[in-house]
J.: 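Got a structure for you, questions after.
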There are 2 protein chains.
Amino acid sequence: MLTQAAEDYLKSIYKLQEKGGKVSTGVLAQYLNVKPASVTGMLKKLKTMNLVNHERYQGVTLTSAGKAIALEIIRHHRLLELYLFRALGVPWDSVHEEAEKLEHVISEDVEARMDEFLGYPTTDPHGAPIPDKNGVVTQKAYFQMTTLHKGQSCVVAEVSDTDPALLRHLASFNLYPGTAFRVLDIAPFEGPFTIEIATENEEGQQAILGREVTKHIFVADVQDTEPT
Amino acid sequence: MLTQAAEDYLKSIYKLQEKGGKVSTGVLAQYLNVKPASVTGMLKKLKTMNLVNHERYQGVTLTSAGKAIALEIIRHHRLLELYLFRALGVPWDSVHEEAEKLEHVISEDVEARMDEFLGYPTTDPHGAPIPDKNGVVTQKAYFQMTTLHKGQSCVVAEVSDTDPALLRHLASFNLYPGTAFRVLDIAPFEGPFTIEIATENEEGQQAILGREVTKHIFVADVQDTEPT
DNA sequence: GATATAATTTAGTCATGCCTAAATTAATTT
DNA sequence: AAATTAATTTAGGCATGACTAAATTATATC
Ligand SMILES: [Mn+2]
Ligand SMILES: [Mn+2]
Ligand SMILES: [Mn+2]
Ligand SMILES: [Mn+2]
């Protein structure tokens, strides 16, 4: 069994190399809240275990063995988030922190039982894909919300799960993965978005979202619609 | 926050001092699968944190602060065992091992939610009492099964939870906490017990339990009955 | 009461995983 | 091409928590 620290390194390398190939020591250090020197030390260990490819000064990538472990931990994390949310009613904004500790500790048996209880889900409460038990991830295509134009409508696909305050803010507008909305206006000079959120009773709730917030929202099913 | 190792020491000291007051270094070492020298080292640390009373060569006891932490961990452990058993159907013989890792990692919020889901239970799947949220334990009076005499009937109160093979053996006879049985015979020279287990359809299943097994079973509601 | 035996503590090591400070290497400017 | 700046690695330390071997203290035996 790997240590918790080693598992977190692998998970982080996976996430960072998804958007950008080779991962530099500095980027990884910042992501893990650790100094670059500590990263170098751990990469050496991971390399002797054949979990990463690493040439000095050249950045790091996962080997297929390393990737398999990373996906295993990510699967634990996302299943746990959804399980805690659905089965125990743990709030949307605290499941991440809780799962961060539990992911290293649950057995394959408990993982399988949660999966069954949840009906073999494919996304976590923040819209992130849950790798299947063989480590296959089905990543839906989506765009950062900042790329939307006035008048377009879409559906929330995924939101960042690390900042509880952001998640509470989104929840205050009922803005969850699966929620549909339309862009009514975008203020100039990188200003805020005004959107209309589709609600069950057809009324359409309005919300104003600052730029920082929209960077953490990803959308799909983008369509151009007639202005009302 | 304490380390996982420190929490395990406190939990173990609590359990050992329950039956026998002061706990010796050697006994604690054996219980934790660690060498006596390692125990001495940890006791020094725990003493500086005012969690234990320890005079060299004189054994160790918990301070009230240490006891509070021990009970907190034990509460986690037993709630987790029951939760895994009831909510996820984890088998009787593997909940202990699973809970051993999770107990150090769950939040007070998840603890409270499991407690609510379970209806504020008072005993775990092996019959051990669950301390309440204020650390109050209500320990039912019971006796080791070896103290029973031929003809007596009783109810299983608690069984040891550490050995999965033993638990599977007991399960094969449907012998769980709450199960009633009567002693039909005790073979001489520390021999095995023959018992009749009460079943729903009144038939009465017989079982033969060796001495080693009976040492791990604790019973209550002992009554002298007429031999049939 | 001296002596043997058992339990406990001390002393010195080792592996993890983090740190800071200094040295090295790579990338950018000029 | 040389010099500056940034990224990365090396070197040396620290805290945990385990180990072994040796020294110490307590207990049992004669
Ligand atoms: Mn983690
Ligand atoms: Mn998530
Ligand atoms: Mn434990
Ligand atoms: Mn138990």
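Throughout, a chain's letter reflects where its sequence line sits, starting with A, and its residues are numbered from 1. Since the model is a prediction, treat every value here as computed from it, not as a measurement.
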J.: Counting only side-chain N and O atoms of B/Y9, is one of them less than 4.0 Å from OP1 or OP2 of D/dA18?
T.: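 So the side-chain polar atoms of B/Y9 do come within 4.0 Å of the phosphate oxygens OP1 or OP2 of D/dA18, strictly under.
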J.: Under 4.0 Å between any heavy atoms, over every strand shown, what does B/T40 touch: base, sugar-phosphate, or nothing? Just pick one.
T.: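 Base: the residue B/T40, judged by heavy atoms under 4.0 Å, touches a nucleobase.
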J.: Before accepting this row, confirm whether a basic side-chain N of the pair A/D115/A/R75 lies closer than 4.0 Å to the acidic partner's carboxylate O.
T.: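 Salt bridge: yes.
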J.: Using the ring of each side chain (for Trp, its six-membered ring), is B/Y83 parallel, tilted or perpendicular to A/Y83, with breaks at 30° and 60°?
T.: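 If you compare the ring of B/Y83 with that of A/Y83, the planes turn out perpendicular.
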J.: So B/W92 and B/Y176, would you call those rings parallel, tilted or perpendicular, with 30° and 60° as cut-offs?
T.: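 Answer is perpendicular, since the angle exceeds 60°.
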J.: Applying side-chain hydrogen bond (donor to acceptor under 3.5 Å, both in side chains) between A/H77 and each of A/H96, A/E72, A/H104, report the one that passes.
T.: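 Only one of A/H96, A/E72, A/H104 forms a side-chain hydrogen bond (donor to acceptor under 3.5 Å, both in side chains) with A/H77, namely A/H96.
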J.: Would a 4.5 Å heavy-atom cut-off, applied to side chains only, mark B/I13 and B/V60 as touching?
T.: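 Side chain of B/I13 against side chain of B/V60, heavy atoms only: contact under 4.5 Å found.
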J.: Mind checking B/S38 for me? I need base, sugar-phosphate or nothing, with any heavy atom below 4.0 Å counting as a touch.
T.: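 It contacts base atoms.
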J.: Taking NZ, NE, NH1 and NH2 as the nitrogens, is one of them in A/E103 or A/K11 under 4.0 Å from a carboxylate oxygen of the other?
T.: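 Yes.
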J.: In residues 41-54 of chain B, which residues come under 4.0 Å of DNA chain C by heavy atom?
T.: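 Contacts with DNA chain C under 4.0 Å: B/K44, B/H54.
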J.: Any chance you could lay out the side chain to side chain contact (heavy atoms under 4.5 Å, CB included) test for A/V90 and A/F85, step after step, and finish with the verdict?
T.: CA-CA 5 Å; A/V90 176; A/F85 184 70; 5.8 Å; no
J.: Kindly indicate whether the side chain of A/H216, heavy atoms from C-beta on, has any atom under 4.5 Å from the side chain of A/V159.
T.: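 Contact flag for A/H216/A/V159 side chains = no.
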J.: Check the distance between D/dA18's P and B/N33's CG and give it to me in whole angstrom.
T.: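 Atom-to-atom, B/N33 to D/dA18, this comes out as 11 Å.
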J.: If we only count heavy atoms from C-beta on, is the B/M145 to B/I195 side-chain gap below 4.5 Å?
T.: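 Yes, their side chains come closer than 4.5 Å.
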J.: Base, sugar-phosphate or nothing for B/A5? Non-hydrogen atoms, less than 4.0 Å.
T.: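 Sugar-phosphate contact only - B/A5 comes under 4.0 Å of backbone atoms but never of a base.
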J.: Counting only heavy atoms and a strict 4.0 angstrom limit, can you tell me which residues of residues 16-25 of chain B come near DNA chain D?
T.: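 None - not one residue of the stretch has a heavy atom sitting under 4.0 Å from the strand.
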J.: Using chain B heavy atoms and a threshold of under 4.0 Å, write down where along DNA chain C the contacts begin and end, 5' to 3'.
T.: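 Contact boundaries, 5' end first: C/dT8 to C/dT10.
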J.: On DNA chain D, nearest-nucleotide positions of A/A37 versus B/Q4: which is more 5'?
T.: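 Counting from the 5' end, the first nearest nucleotide belongs to A/A37.
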J.: Quick one: on DNA chain C, does B/V27 or A/A6 contact a more 5' nucleotide (nearest heavy atom)?
T.: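 Per heavy-atom nearest nucleotide, the more 5' residue is B/V27.
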J.: List the steps, then state whether side chain to side chain contact (heavy atoms under 4.5 Å, CB included) holds for B/V156 with B/L170.
T.: CA-CA 11 Å; B/V156 176; B/L170 298 181; over 6 Å; no
J.: For a quick check of understanding: with a heavy-atom distance under 4.0 Å over all strands, which category does A/V34 fall into, base, sugar-phosphate or nothing?
T.: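 Contact class for A/V34: sugar-phosphate only.
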